[in-house]
Amino acid sequence: MDLSSLNDKQQQAVTAPLGPVLVLAGPGSGKTKTLTYRIAYIIEKRLVPPAHILALTFTNKAAKEMRSRLQALLARYKSASEQITMGTFHAVCARLLRADIDKLGYGRDFVIFDTDDQQKLIKEILEDLRLDSKRFPASLFGALISRAKNLLQLPSELNIGVEQPLAGQLQEVYARYQDSLLKQNGLDFDDLLMLTVKLFESFPKVLEKYREKFKYILVDEYQDTNPAQYALLRLLAKHENVFVVGDDAQSIYGFRGSDIRNILSFEKDFPRALEIKLEQNYRSSRNILAAAQKVIELNPDQRKKTLWTENRGGEKITVFEAEDERAEAEFVAKKIIALSSGLPVEPEYVQEQPAAGYSILDRFLKARRLYGASLNDFRRGPLPQLPKKHDSLTEYCVLYRTHAQSRAMEEVLISCGIPYQIVGGLKFYERREIKDMLAYLRLCLNFRDLVSLKRVINEPPRGIGDKSYQVIRDAILELAPRGQEVQLSEFRHKLTEVKLQSKAQKSAEEFFAMLDELSATPEPLALPDLIKKVTKRSGYERYLRDGSESGEGRWENVEELMTVANKFKHLPWREGTTAFLEEVALLSEIDQKDDNKDSVTLMTLHSAKGLEFDNVFFIGLEEGILPHSRSLIETDQLAEEIRLAYVGLTRARHRLFLVYARSRRIYGDNRLSNPSRVLKVLPREAVEFVGVSKSFFDEADADGELTVEEMEF
DNA sequence: AGCGCTCAGCTTTTT
DNA sequence: GCTGAGCGCT
């Protein structure tokens with residue numbers, strides 16, 4: 001294999017002997033390349049057969065990319081890359097559980113409950129327990145339960161340092177929640193990890209099977225693994241054949257339970273570990289790298305790593321002070337136009353105000369509220385157009401801390417005719433009509449899915465309100481103590497004995513008869529047929545297509561869903577639906593980005609991890625936003641904000657624009673803000689300041705700590 | 001049961 | 001500035 005395109009350190013990592021290896025890889029140091037070559041190397045040297053390799057990536061997209069790169073590297077072994085088990089921790093666990101979860105009392109056709117489903121379930125439990133939803137929001141319990149699961153604690157083992165009386169309530173809620181999930185045959189995201197660990201711990205034979213299967217394990221983005229994921233690694237890697245790659249300076253998922261100690265104490269856990277540092281950066285200009293280095297030094301106990309590059313100094317970084325978020329967005333838009341078209345930026349390209357009476361913006365905002373239209377759907381009409389001749393926009397990206405910041409940016413981009421795509425935010429799969437359809441599909445597989453049942457039992461309206469739903473729910477919960485098969489026919493019989501209002505009674509019987517009929521769909525039919533059948537039989541199509549424009553729009557979304565479902569038409573519908581629902585549930589935000597579209601990318605810093613762009617606009621660099629005001633209390637969290645800034649800066653190859661606004665609309669009113677501390681430590685010689693107030697330098701020169709008052713926004 | 005209205009409280013970040 | 005809970009009316 002040709003390793004000549006790798007540097008010494010990369011080669012050392014790629015050709016390391018089997019056994020534990022930790023690669024500490026700075027941004028832009030060829031981490032993915034090293035990982036890919038490593039896999040190719042061990043296959044080609046016949047150290048491990050491809051079918052015995054497990055590669056864990058952070059997103060599905062990363063897995064897909066790695067697979068295709070491997071295909072190129074391993075041209076001689078065509079099928080090798082397909083034999084490797086590759087995917088996110090969550091996706092791989094889901095696959096393992098499909099084979100053996102029946103041992104834990106769940107059905108193998110379990111569905112995955114997303115955060116929204118989880119929230120709804122907890123809310124019902126809180127109502128049952130008559131807990132005040134003001135003082136005890138479902139989101140709080142959701143977060144705490146998630147924390148417990150990440151630490152592998154079942155309700156009976158709960159110990160996450162919460163004080164009484166909350167701890168007692170939490171235990172009760174968690175126990176009921178878990179019981180309810182089991183009865184519905186549902187798993188939440190954290191269950192995928194936790195239950196896999198529990199399965200391995202309780203069934204040594206199963207563990208042994210997978211230890212044999214996964215003789216060699218590689219983990220990307222290791223700094224963002226949580227204790228459950230770590231436990232999985234420890235269990236599986238009997239021979240310590242683990243190859244992990246990460247960067248402690250880019251650990252940004254602490255809020256999700258990831259534990260930076262996993263990377264910091266790797267050698268302690270694997271004493272034989274070989275540690276290799278990749279410190280040469282191939283991505284960014286020297287100026288950008290110097291700035292990033294200064295920023296990460298704000299964290300005193302970050303592990304020392306000295307990045308260097310042979311790249312040129314490059315253009316200076318621009319720091320721009322805007323009046324408000326509108327001016328911030330206009331600055332970005334003007335720069336994009338100027339850079340991509342080579343034209344001087346004239347005011348006419350940026351419409352300061354939408355023309356009087358012309359409200360494409362209003363139309364869009366309304367449409368987005370109604371059914372989450374993409375902005376580009378609304379670019380028709382007399383809007384200014386980006387100059388015809390422009391470079392590709394795929395190399396431009398706008399980064400921000402929170403989704404809320406995208407809005408002003410979107411408005412200006414529309415009014416300039418600049419095409420863009422947003423990563424995350426209101427996702428296709430979060431739209432109401434899509435969730436409704438998915439709920440119907442889930443019910444076809446499993447009528448006891450209460451979250452789905454509640455969602456669509458009265459959608460379209462059937463005269464089954466909340467009261468009736470609750471009666472039905474209780475009847476379902478009484479059915480069987482565990483998640484084994486319960487016949488729908490059995491329940492339909494039981495339903496006739498339940499006390500409901502006569503109209504609701506009739507509707508409910510009809511509803512479950514429909515489910516019975518749908519789930520009796522003969523196996524040769526596939527998922528697309530089932531969806532069509534559902535839309536007709538449930539009356540959902542007729543209900544959506546009420547003749548209104550927005551109704552048609554929604555129906556188009558349902559049709560789009562059918563297109564996606566076509567991927568599964570080769571499978572019998574039960575299998576196809578299960579696979580489809582799983583894929584949809586585990587899709588990450590970044591997976592939905594279209595790399596081939598000629599558009600500017602807008603996304604949060606979290607979504608940007610692992611990506612790179614020639615031109616990066618990093619907006620909202622203000623105290624209270626980055627670092628976020630919610631993070632100012634705890635030093636751990638503050639450190640994570642700094643790392644987040646570091647991740648943002650190091651996405652850029654050539655041009656980097658750092659923008660902040662003096663005032664910003666928050667919750668509807670204008671508030672003054674201060675430039676982020678991140679800006680104050682930038683090396684002056686690498687930066688050009690544009691429109692920056694004198695006070696910025698006064699404060700930066702004073703080098704004093706900001707008072708709490710100044711930090712708040 | 002189902003609509004529409006009002007008001008409060010809120011926003012990190014995601015598999 | 002948006003959402004969703006709560007209320008009152010049909």
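To find a chain, count down the sequence lines: A is the first, B the second, and so on, and within it residues start at 1. These numbers come from a predicted model, not from an experiment.
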Task: side-chain contact (heavy atoms from CB on, under 4.5 Å) partners of A/Glu124, counting only residues at least two apart - done: A/Lys454, A/Tyr469, A/Arg473
- [ ] Tell me whether the guanidinium CZ or amine NZ of A/Arg442 lies under 6.0 angstrom from the six-membered ring centre of A/Phe113 and within 45° of its axis.
- [x] yes
Task: 5'-most by nearest nucleotide on DNA chain B - A/Ala404 or A/Ile590 - done: A/Ala404
Task: Distance in angstrom units between A/Lys120 NZ and C/dT3 C1', rounded - done: 13 Å
- [ ] From the options B/dT14, B/dT11, B/dT15, select the nucleotide whose nearest atom is closest to the side chain of A/Arg630.
- [x] B/dT11
TODO: Answer yes or no: does a side-chain N or O of A/Arg256 lie under 4.0 Å from OP1 or OP2 of B/dT13?
DONE: no
Open item on the list: With a 4.0 Å cutoff (strictly under), does any side-chain N or O of A/Ser588 reach OP1 or OP2 of B/dT14?
Closed with: no
Open item on the list: Salt bridge or not between A/Arg665 and A/Asp324? Use side-chain N to carboxylate O under 4.0 Å.
Closed with: no
Task: C/dC2 OP1/OP2 closer than 4.0 Å to side-chain N/O of A/Arg407 - done: yes
- [ ] For the pair A/Asp224 and A/Arg256, find out whether any cationic side-chain nitrogen is under 4.0 Å from an anionic carboxylate oxygen.
- [x] no
Task: Interatomic distance where CD belongs to A/Glu410 and P belongs to C/dC2 [whole Å] - done: 13 Å
Open item on the list: Cation-pi check for A/Phe580 against A/Lys567: NZ or CZ below 6.0 Å from the six-membered ring centre and within 45 degrees of the axis, yes or no?
Closed with: no
TODO: On DNA chain B, check which nucleotide each of A/Pro461 and A/Leu644 is closest to and give me the residue with the more 5' one.
DONE: A/Pro461
Open item on the list: Any salt bridge linking A/Lys123 with A/Glu127? Criterion: basic side-chain nitrogen under 4.0 Å from a carboxylate oxygen.
Closed with: no
- [ ] Find out whether the Lys NZ or Arg CZ of A/Arg98 is both under 6.0 angstrom from the six-membered ring centre of A/Phe110 and within 45° of the ring's axis.
- [x] yes
Task: A/Gln119 CD to B/dC10 C1', straight-line distance once rounded to whole Å - done: 14 Å
Task: A/Asn150 CG - B/dT15 C1' separation (whole Å) - done: 10 Å
Task: Distance, rounded to the nearest Å, where A/Phe58 contributes CZ and B/dT15 contributes P - done: 8 Å
Open item on the list: Give me the distance, rounded to whole Å, that separates B/dT13 from C/dG4 when you measure between the C1' atoms they each carry.
Closed with: 23 Å
- [ ] May I ask you to evaluate whether A/Asn458 reaches the phosphate of B/dG2, defined as a side-chain N or O under 4.0 Å from OP1 or OP2?
- [x] yes
Open item on the list: For the base of B/dT13 and the side-chain ring of A/Tyr253, does the geometry meet a stacking cutoff of under 5.5 Å between centres and under 30° between planes?
Closed with: no
- [ ] Determine, for A/Arg662 against A/Glu323, whether the closest basic-nitrogen to carboxylate-oxygen distance falls under 4.0 angstrom.
- [x] yes
- [ ] Compare side-chain N and O positions of A/Ser468 against OP1 and OP2 of B/dA1 and report whether any pair is under 4.0 Å apart.
- [x] yes
Task: Atom pair distance, as rounded to whole Å: CZ in A/Arg664 and P in B/dT11 - done: 19 Å
- [ ] Write down the distance separating the P atoms in C/dG6 and B/dT11, rounded off to the nearest Å.
- [x] 16 Å
Task: Side chain of A/Arg665 - closest among C/dG1, B/dT15, B/dT13 - done: C/dG1
Output one line per pair: protein atom, nucleotide atom from nucleotides 4-10 of chain C, and distance, for all N/O pairs under 3.5 Å.
unit_1: C/dA5; atom_1: OP1; unit_2: A/Lys123; atom_2: NZ; d: 3.0

Open item on the list: Output the rounded distance in Å from CE (A/Met194) to P (B/dT15).
Closed with: 20 Å
- [ ] Check whether any side-chain N or O of A/His403 sits under 4.0 Å from OP1 or OP2 of B/dT14, and answer yes or no.
- [x] yes
TODO: Indicate, with a heavy-atom threshold strictly under 4.0 Å, whether A/Thr59 touches base, sugar-phosphate, or nothing.
DONE: nothing
Task: Short side-chain N/O contact to B/dT14 OP1/OP2 from A/Thr115, under 4.0 Å - done: no
Open item on the list: Once you apply a heavy-atom cut-off of 4.0 Å, does A/Gln637 come out as touching a base, just sugar-phosphate, or nothing?
Closed with: base
Task: Whole angstrom value for the distance that separates C1' of C/dG1 from CD of A/Gln405 - done: 16 Å
Open item on the list: Whether A/Arg432 and A/Glu459 form a salt bridge (side-chain N of Lys/Arg under 4.0 Å from carboxylate O of Asp/Glu) is what I want to check.
Closed with: yes
Open item on the list: For a quick check of understanding: with a heavy-atom distance under 4.0 Å over all strands, which category does A/Asp466 fall into, base, sugar-phosphate or nothing?
Closed with: sugar-phosphate
